[in-house]
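First the structure, in the form of structure tokens, and then the observations on it.
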Protein chains: 2
Amino acid sequence: MKLATGVEWAVHCCVVLSAADGPVPAPRLAEFHGVSRTYLAKSLQALSRAGLVSSTEGREGGYVLNRPPAEITVLDVVLAVEGDAPAFRCTEIRQNGPFGAPPERCVRPCGIAAVMAQAEQAWRDSLAATTIADLAAAVAEIVPPDEARAARAWLSQ
Amino acid sequence: MKLATGVEWAVHCCVVLSAADGPVPAPRLAEFHGVSRTYLAKSLQALSRAGLVSSTEGREGGYVLNRPPAEITVLDVVLAVEGDAPAFRCTEIRQNGPFGAPPERCVRPCGIAAVMAQAEQAWRDSLAATTIADLAAAVAEIVPPDEARAARAWLSQ
DNA sequence: GGATCATTACTCGGATAGTGAGTGTCCGAGTTGAAGCGG
DNA sequence: CCGCTTCAACTCGGACACTCACTATCCGAGTAATGATCC
């Protein structure tokens, strides 16, 4: 079980976008974070496909958050990049082998699958409890105001 | 983010072992579940390495649970097979780029990493709330007693 | 008959190939802004 | 001086190689029960 690297980048980008004034192109976001330009574009495309950000083409184009930061949860970003497929997929091995359970006894989901699904739900609930606005506020408490202004200006240069 | 297939097999094996009378060899567990013999052995080795099961070699050998089923949580099995590495590893990209935060400002963990860690803790807590004994009890409610006896006998044949 | 010993078959364990998702990269289609030109 | 046209540069989006972990497999080392042998 491992989380994709692109998820971390995407969340950081959303936080930065929530503080930016206008559209920010992907190459600038990549340089801001010191990561690969081309691969970050892939994660941003996923965000765009999920409707979290909207993209404008041409000169002065870039990405903008589609909703207020307080209405975008971390879970939204994770699912957009990772996909919403459950981490655990029951293969119904209880129906295999010499003592396999007959299908009519398998109307209720496998107990193991139920436990896994419940745990994943807890994980999602926890991620959904934090929004991009919360993360941005935490960053704002640490970064000095003048530096934040300089960063905003650099993003809009 | 995807959970390994071997995890599902390992949990099923633990439930079966909790109901077995004596040691059960890996090939029999594989046939019981209708899965690959050789690959299941790999997951069982992981369980053995983690100390959840103990193995006896030679004829009439096999695997036995090392602790009472009520003292083995699903989380124990998952961590034994998957490893206890956290799903999210912060790469500290906040220190990169033209506006990278200086190290002295990074004594506290990144807010994003904190959210991810908290979510993973919720996931682990949920998995730790269920034991192998709970799963076995749920199975016992569905399977008829005579069939359970037959399965136990087949495991000890 | 009982104990000892060699045999044998069975077990686990780690070392060895194959595959799919994630990682990283590239170039083309489309759009916007600005500059140049004409009226 | 104003509007139109052309241009150019910049943007995103999808299509193309590469790497690593998971999947699947094999064979060797070690052990315990079994059977034969000897006292």
Side-chain angles (χ1 to χ4, degrees), chain A residues 1-10 13 17 20 22-31 33-64 66 78 80-83 85 87-89 91 93 155-157, chain B residues 1-10 13 17 20 22-31 33-64 66 78 80-83 85 87-89 91 93 155-157:
Chain A
M1 159 142 163
K2 175 152 175 300
L3 214 57
T5 310
V7 172
E8 183 185 6
W9 299 1
C13 283
L17 284 178
V24 183
R28 187 155 305 159
L29 282 172
E31 188 180 355
H33 293 110
V35 298
S36 160
R37 282 186 293 276
T38 51
Y39 187 43
L40 179 63
K42 209 171 175 54
S43 299
L44 291 172
Q45 284 171 29
L47 292 181
S48 177
R49 238 174 276 141
L52 294 181
V53 302
S54 62
S55 62
T56 58
E57 296 189 346
R59 275 181 77 167
E60 304 285 320
Y63 289 98
V64 187
N66 232 349
V78 172
V81 177
E82 282 278 320
F88 181 85
R89 201 179 73 82
T91 56
I93 65 175
L155 288 171
S156 305
Q157 89 185 9
Chain B
M1 157 141 165
K2 174 153 174 302
L3 216 56
T5 309
V7 172
E8 184 185 5
W9 299 2
C13 284
L17 285 178
V24 184
R28 186 155 306 159
L29 281 173
E31 187 180 357
H33 293 110
V35 299
S36 160
R37 283 186 292 278
T38 52
Y39 186 45
L40 179 63
K42 208 169 175 55
S43 298
L44 291 172
Q45 284 171 30
L47 292 182
S48 176
R49 238 175 276 139
L52 294 181
V53 303
S54 62
S55 61
T56 59
E57 297 190 345
R59 274 183 78 164
E60 304 286 321
Y63 288 98
V64 187
N66 233 350
V78 172
V81 178
E82 282 277 320
F88 181 85
R89 202 179 73 82
T91 56
I93 65 176
L155 287 171
S156 305
Q157 92 187 9

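Side-chain atoms are counted along with the backbone in the values below, which use heavy atoms only and exclude waters and symmetry mates. So you know, we letter chains A, B, ... as the sequences are listed, proteins then strands, and number each from 1.
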Practice task
Using whole Å, report how far CG of B:L40 lies from C1' of D:dT25.
Solution key: 14 Å

Completion exercise
From CD of A:E31 across to C1' of D:dC10 the rounded distance in Å is 16 Å

Handout entry: Beyond-backbone contact of B:V53 with B:V64, side-chain heavy atoms, under 4.5 angstrom
Key = no

Practice task
Under the side-chain hydrogen bond (donor to acceptor under 3.5 Å, both in side chains) rule, collect the residues that match up with B:S156, sequence neighbours excluded.
Solution key: none

Practice task
Note down the inter-axis angle between the two ends of the helix from C:dG1-D:dC39 to C:dG39-D:dC1, five pairs each, to the nearest 10°.
Solution key: 10°

Exercise for the section: Name all residues meeting the side-chain contact (heavy atoms from CB on, under 4.5 Å) criterion together with A:A46; count only those two or more places apart in sequence or in a different chain, and write none if there are none. Expected result: none

Practice task
Enumerate the residue pairs fulfilling side-chain hydrogen bond (donor to acceptor under 3.5 Å, both in side chains) with a member in residues 33-45 of chain B, sequence neighbours excluded, ordered by first and then second residue.
Solution key: B:S36-B:T38

Fill in the blank from the handout: Rounded to whole Å, the CE-P distance (B:M1 to D:dC22) equals 13 Å

Exercise for the section: Please name all residues satisfying side-chain hydrogen bond (donor to acceptor under 3.5 Å, both in side chains) with B:S55, sequence neighbours left out, ordered by chain then number. Expected result: none

Exercise for the section: Could you state the atom-to-atom distance from CD of B:E82 to C1' of D:dA21 in whole Å? Expected result: 11 Å

Exercise for the section: Examine D:dT25: is either OP1 or OP2 under 4.0 Å from a nitrogen or oxygen in the side chain of B:S36? Give yes or no. Expected result: yes

Handout entry: Atom pair CG (A:L155) and CZ (A:R28), whose distance is rounded to the nearest 0.5 Å
Key = 7.5 Å

Fill in the blank from the handout: In terms of heavy-atom contacts, A:L52 and A:A80 come closest through CD1-CB, 3.9 Å

Fill in the blank from the handout: Protein-proximity profile, nucleotides 6-20 of chain C, B/S/- by nucleotide at the 4.0 Å heavy-atom cutoff, equals ----BSSBB------

Exercise for the section: Could you tell me whether the side chain of A:E82 and the main chain of A:L3 form a donor-acceptor pair under 3.5 Å? Expected result: no

Problem - Any A:Y39 side-chain nitrogen or oxygen under 4.0 Å from OP1 or OP2 of C:dT25 - result: no

